[in-house]
Amino acid sequence: MTTWLVTGGAGYIGNHVTRALLDSGRQVVVLDDLSSGHADRIPQGVVFVEADVTDRVALVAALAEHKVDGVIHLAAKKAAGDSVNVPLYYYRENIAGMLSVLEAMQEVGVKRFVYSSSAAVYGTPLVNPIAESAALAPESPYGETKVVGEWMTKAQGVANDLSWVALRYFNVAGAGSDDLGDTSVNNLIPMVFEALEKGNRPQIFGDDYPTPDGTCIRDYIHVSDLADAHVVAAAFSENLQVSETLNVGRGVGSSVREVMDMVSQVIGTQVNPQIVARRAGDPPASTAATQRITDVLGWQSKRDLHEMVSSAWSAWQHTSH
Ligand SMILES: NC(=O)c1ccc[n+]([C@@H]2O[C@H](COP(=O)([O-])OP(=O)(O)OC[C@H]3O[C@@H](n4cnc5c(N)ncnc54)[C@H](O)[C@@H]3O)[C@@H](O)[C@H]2O)c1
């Protein structure tokens with residue numbers, strides 16, 4: 001049985017990854033500073049280390065004490081818009097955090113690594129679906145930190161025999177159970193729920209994009225499918241010496257209006273969105289090419305938009321806000 005340390009394991013995606021790893025028969029250590037995570041969502045039987053990832057000493061101690069075989073590094077700050085206003089904070093949290101994780105792994109001799117990257121590395125895609133070979137053109141300090149994290153992983157893979165997989169997530173949504181909902185209101189679906197809860201009309205930022213219904217198109221992936229991809233990636237890095245960068249999406253685009261329509265269908269009330277001005281830096285469309293992850297890992301998404309919205313709604317109703 002192998003042991004994996006999950007940084008950011010108290011967060012939205014980390015909660016799901018932790019549970020999926022446990023279900024796969026692996027042991028899990030969560031390291032998280034609880035800046036946005038929830039300690040009460042960490043399952044029984046998981047060792048919890050409350051620490052900042054920039055604290056290399058704490059990381060070294062956790063890796064050594066628990067005889068960790070591999071690290072899944074999710075801990076980061078993730079609001080692209082916010083990162084434009086406070087870039088140095090994002091560089092410190094995400095790049096210095098990454099440096100500290102890789103240094104600690106080298107010090108202890110941990111050689112397996114799964115890195116949480118993002119479709120933000122592509123910026124505005126020239127072609128959809130976007131293949132992993134597309135040029136990287138991040139449009140925010142947040143996206144830049146994910147590109148630098150990939151560079152660091154790759155370089156350390158060469159220099160220190162890391163067996164690694166970097167996963168570029170598209171738009172993550174849904175909940176694996178009612179106690180694991182997404183509490184961040186940076187993402188569209190929780191944003192809609194929050195507006196409805198406050199008696200406001202949810203906003204659509206621009207309906208004059210060059211897309212069939214004029215609203216932006218994104219590739220939504222269920223968080224449970226994403227968590228499964230981490231387990232498959234971890235197993236892959238255990239069994240082989242690998243260096244892979246893979247998109248994680250469904251390869252299916254859904255417009256903002258389609259998501260709002262799905263919310264209306266799920267909650268049984270017309271959402272009645274309000275059209276407001278475009279936000280700076282929103283690409284009209286972004287969908288993942290998924291052939292590579294299927295070829296390399298044998299992974300495919302299983303859950304559709306209806307499952308994402310209905311599980312997110314159910315979890316939202318069970319969570320106090
Ligand atoms: N949610 C998405 O749609 C999405 C899309 C692409 C990539 N990602 C990436 O996935 C990862 C997880 O995102 P999430 O949606 O679960 O966010 P989240 O905010 O719910 O989880 C992040 C977790 O990391 C912890 N953390 C943050 N900074 C830390 C630090 N310095 N030291 C220790 N712990 C720290 C937080 O407390 C939290 O538990 C991030 O790296 C994010 O960039 C998310």
Side-chain angles (χ1 to χ4, degrees), residues 5-20 29-42 46 48-59 62 71-83 86 89-101 104 114-122 138 140-150 153 166-176 180-191 218-227 229-230 246-250 286 288 308 312 315 319:
L5 182 134
V6 180
T7 73
Y12 166 54
I13 297 169
N15 291 148
H16 289 85
V17 169
T18 297
R19 292 193 191 193
V29 177
V30 164
L31 186 141
D32 198 297
D33 69 354
L34 301 181
S35 50
S36 61
H38 307 269
D40 59 359
R41 291 187 177 193
I42 299 170
V46 168
F48 174 46
V49 179
E50 186 171 343
D52 191 313
V53 280
T54 57
D55 181 349
R56 190 179 52 77
V57 175
L59 273 163
V71 173
I72 298 184
H73 180 43
L74 296 129
K77 299 296 179 277
K78 64 167 182 177
D82 186 36
S83 76
V86 285
Y89 177 63
Y90 274 71
Y91 294 139
R92 187 181 63 235
E93 289 287 310
N94 296 3
I95 298 180
M98 179 75 177
L99 181 64
S100 155
V101 169
V114 178
Y115 176 55
S116 171
S117 188
S118 167
V121 298
Y122 297 118
S140 67
Y142 166 73
E144 290 166 4
T145 68
K146 293 294 178 183
V147 174
V148 174
E150 289 190 3
T153 305
L167 298 175
R168 291 178 179 160
Y169 319 158
F170 279 65
N171 289 63
V172 189
L180 296 188
D182 185 1
T183 53
S184 124
V185 286
N186 292 312
N187 295 338
L188 175 63
I189 294 170
M191 259 169 65
R218 295 290 179 270
D219 187 338
Y220 292 91
I221 174 81
H222 196 295
V223 66
S224 297
D225 283 335
L226 176 64
H230 285 78
L246 303 169
N247 288 340
V248 196
R250 284 187 304 143
S286 161
M308 287 181 238
T319 310

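Atoms considered below: every heavy atom in the structure, side chains included; atoms not considered: hydrogens, waters and symmetry mates. For ligands, and for the atoms within them, numbers begin at 1 and follow the listed sequence.
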* Audit row: Y89, D82, side chain to side chain donor-acceptor pair (under 3.5 Å) steps and yes/no -> CA-CA 10 Å; Y89 177 63; D82 186 36; over 6 Å; no
* Asked: Which is it for Y12 and T183 under the side chain to side chain donor-acceptor pair (under 3.5 Å) test, yes or no, and what are the steps along the way?
  -> CA-CA 8 Å; Y12 166 54; T183 53; over 6 Å; no
* Which pair of heavy atoms, one from A120 and one from Y142, lies closest together, and at what distance? -> CB-CE2, 3.8 Å
* Any idea which residues sit under 4.0 Å from ligand 1, heavy-atom distances? -> G8, A10, G11, Y12, I13, D32, D33, L34, S35, S36, G37, A51, D52, V53, L74, A75, A76, K77, K78, E93, S116, S117, S118, Y142, K146, Y169, F170, V172, N187
* **Close side-chain approach of M98 and V148, heavy atoms under 4.5 Å** => no
* Kindly say whether I95 contributes a backbone atom to a donor-acceptor pair with the side chain of T145 at under 3.5 angstrom? => no
* Is the backbone N or O of G149 less than 3.5 Å from a side-chain atom of T153, with the two atoms forming a donor-acceptor pair by type? -> yes
